[in-house]
**Q** 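Before I ask anything, here is the structure I am working with.
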Amino acid sequence: MPELNFDKVYASLDLRIKDIVNIDEFDELTKEFLGKNSLISEERKKLSSLSKEDKKNYGMKLTEATEFITSRIKEQRQLYLDSQFNNKEEAEVTDISIDWKPTRGTYKHVLSTVMEEVVSIFSSIGYEVAYGPEAETSWHNFDALNTPDWHPARYESDTLYLDEKLQTLLRTQTSTVQIRHMEENEPPVYIVAPGRVFRSDQLDATHSPVFHQLEGLAIDKNLTFTDLKGTLEFFVKEFFGNNVETKFIPHFFPFTEPSAEVLVKWQNGEWLEILGCGMVDPNVLSNVNYPESYKGFAWGVGIERLAMLRYKIDHIKNFYDNDIRFLEQF
Ligand code: DAH
């Protein structure tokens with residue numbers, strides 16, 4: 001008597017299961033493989049015409065097959081449900097199972113940490129914090145800072161202007177806060193101004209179109225270049241350690257006279273520039289109507305540069321990429 005090829009039936013069941021895309025299809029499969037018109041049912045109908053012995057044997061095989069198919073469908077249905085659940089959970093934006101205990105992720109960005117440290121070094125010697133806007137007038141960014149009309153820093157290739165007449169811009173330096181503070185406050189002045197500045201620069205290893213500076217300004221009756229040197233040497237030692245060597249070299253800035261750059265000697269013996277500084281030009285003081293009896297000094301330091309030197313970071317882009325593997329190291 002020809003028997004049903006059970007292996008073939010199971011194989012075709014498995015093939016159909018693989019193609020399932022909807023949970024309801026499992027019910028359809030049960031109907032198809034075990035329902036009234038299924039192969040198994042057709043075979044059962046034939047049992048009555050068999051001998052007693054064959055009826056018993058084949059009947060048992062058909063029952064086993066029914067059980068096998070039933071449990072196969074049940075098991076695969078559950079696996080399908082589980083996988084649907086996992087997919088949904090993975091796609092979920094909020095993972096409510098996350099551990100609320102802050103084992104990682106609760107630290108400040110390295111630029112904030114460095115900025116705060118620099119601010120606190122200067123506040124420890126009496127400087128107050130002042131702020132100014134990032135969108136500025138050309139007056140505050142250039143004119144009041146004694147920058148002549150022809151100065152290259154004013155070129156559109158260097159500065160991001162906000163209007164066609166070049167009257168407003170994104171500040172290129174925190175020196176603007178010197179002017180804003182002096183316009184509104186009488187001397188003496190001892191302030192630091194942390195903030196973001198913008199330049200029309202291409203991104204390369206050490207330049208970014210957006211970066212951070214800390215400006216410093218001291219105005220009083222008897223300030224000299226010696227006070228400037230002492231203040232900035234104190235800062236460099238606090239920040240980089242007592243053993244670091246510094247040197248001042250002559251430079252030019254429109255708003256200071258004389259002007260200088262401060263360099264620190266790095267591990268490999270190289271001298272690296274970290275800030276610009278100088279004695280505030282008398283034209284700047286008269287632009288804000290300060291009495292002639294006052295003078296002082298100013299400086300501007302790049303925060304990214306400080307962080308790159310201290311932590312040996314080789315590309316400025318690392319600060320802004322928000323790659324957690326970089327950020328969590330600090
Ligand atoms: N503003 C200058 C810059 O962005 C840095 C600077 C130099 C600031 C000398 C100062 C200063 O206050 O006195 O390059």
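Whatever order the structure lists ligands and atoms in, that order sets their numbers, starting from 1.
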**Q** Strictly distance-based, threshold 3.5 Å: is any side-chain N or O of H181 a donor or acceptor partner for the main-chain N or O of G132?
**A**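 Looks like no, no N/O pair under 3.5 Å.
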**Q** Any atom of ligand 1 sitting under 4.0 Å from a heavy atom of Q178?
**A**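 Judged by the 4.0 Å heavy-atom criterion, Q178 does count as contacting ligand 1.
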**Q** Please find the pair of heavy atoms, one from H140 and one from L145, that lie closest to each other, and give the distance.
**A**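 Shortest heavy-atom contact: O-CD1, 3.3 Å.
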**Q** Is the Lys NZ or Arg CZ of K229 less than 6.0 Å from the centre of F248's six-membered ring, within 45° of the axis?
**A**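 Verdict for F248: a cation-pi partner in K229.
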**Q** With a cut-off of 4.0 Å, which atoms of ligand 1 are near a heavy atom of Q213?
**A**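 Answer for ligand 1: 3 (C), 4 (O).
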**Q** Are any of the N or O atoms of W299 closer than 3.5 Å to those of ligand 1?
**A**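 For ligand 1, there is an N or O atom that lies under 3.5 Å from one belonging to W299.
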**Q** Would you please say whether a donor-acceptor pair under 3.5 Å links the side chains of T30 and D27?
**A**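 D27 and T30 do not have a side-chain donor-acceptor pair below 3.5 Å.
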**Q** Which residue and non-hydrogen atom of the protein lie closest to atom 14 (O) of ligand 1, and at what distance in Å?
**A**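 Residue, atom and distance for the closest contact: R199 NH2, 3.8 Å.
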**Q** Any idea which protein heavy atom is nearest atom 1 (N) of ligand 1, and the distance to it?
**A**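 The closest one turns out to be Q173 OE1, 2.7 Å.
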**Q** For atom 11 (C) of ligand 1, what is the nearest protein heavy atom, given as residue, atom name and distance?
**A**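 Checking every protein heavy atom, the shortest distance to atom 11 (C) of ligand 1 gives F255 CE1, 3.5 Å.
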**Q** Would you mind running through ligand 1 and noting each atom that sits below 4.0 Å from a heavy atom of G278?
**A**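 By the 4.0 Å cutoff, the relevant atoms are 13 (O).
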**Q** Only heavy atoms of E215, strictly under 4.0 Å: list the atoms of ligand 1 that pass.
**A**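 So the atoms of ligand 1 that pass are 8 (C), 10 (C), 12 (O).
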**Q** Is K45 salt-bridged to E42, cutoff N-O under 4.0 Å?
**A**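 Here K45 pairs with E42 in a salt bridge, since their nearest N and O are under 4.0 Å apart.
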**Q** Looking at E43 and K61, is any side-chain nitrogen of the basic one under 4.0 Å from a carboxylate oxygen of the acidic one?
**A**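 Judged by the 4.0 Å cut-off on N to carboxylate O distance, K61 and E43 do not form a salt bridge.
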**Q** Are F122 and F235, when compared by the centres of their aromatic rings, separated by less than 6.0 Å?
**A**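 Yes.
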**Q** Does F253 reach ligand 1 with a nitrogen or oxygen that is under 3.5 Å from one of the ligand's nitrogen or oxygen atoms?
**A**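 For ligand 1, there is no N or O atom that lies under 3.5 Å from one belonging to F253.
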**Q** Of all the atoms in ligand 1, which lie at a distance below 4.0 Å from a heavy atom belonging to S175?
**A**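 The list of qualifying atoms is 1 (N), 8 (C).
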**Q** How about F240 and W266: are their ring centroids closer than 6.0 Å?
**A**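 Yes.
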**Q** How far is atom 8 (C) of ligand 1 from its nearest protein heavy atom, and which residue and atom name does that atom have?
**A**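 Nearest neighbour among protein heavy atoms for atom 8 (C) of ligand 1, to 0.1 Å: G300 N, 3.3 Å.
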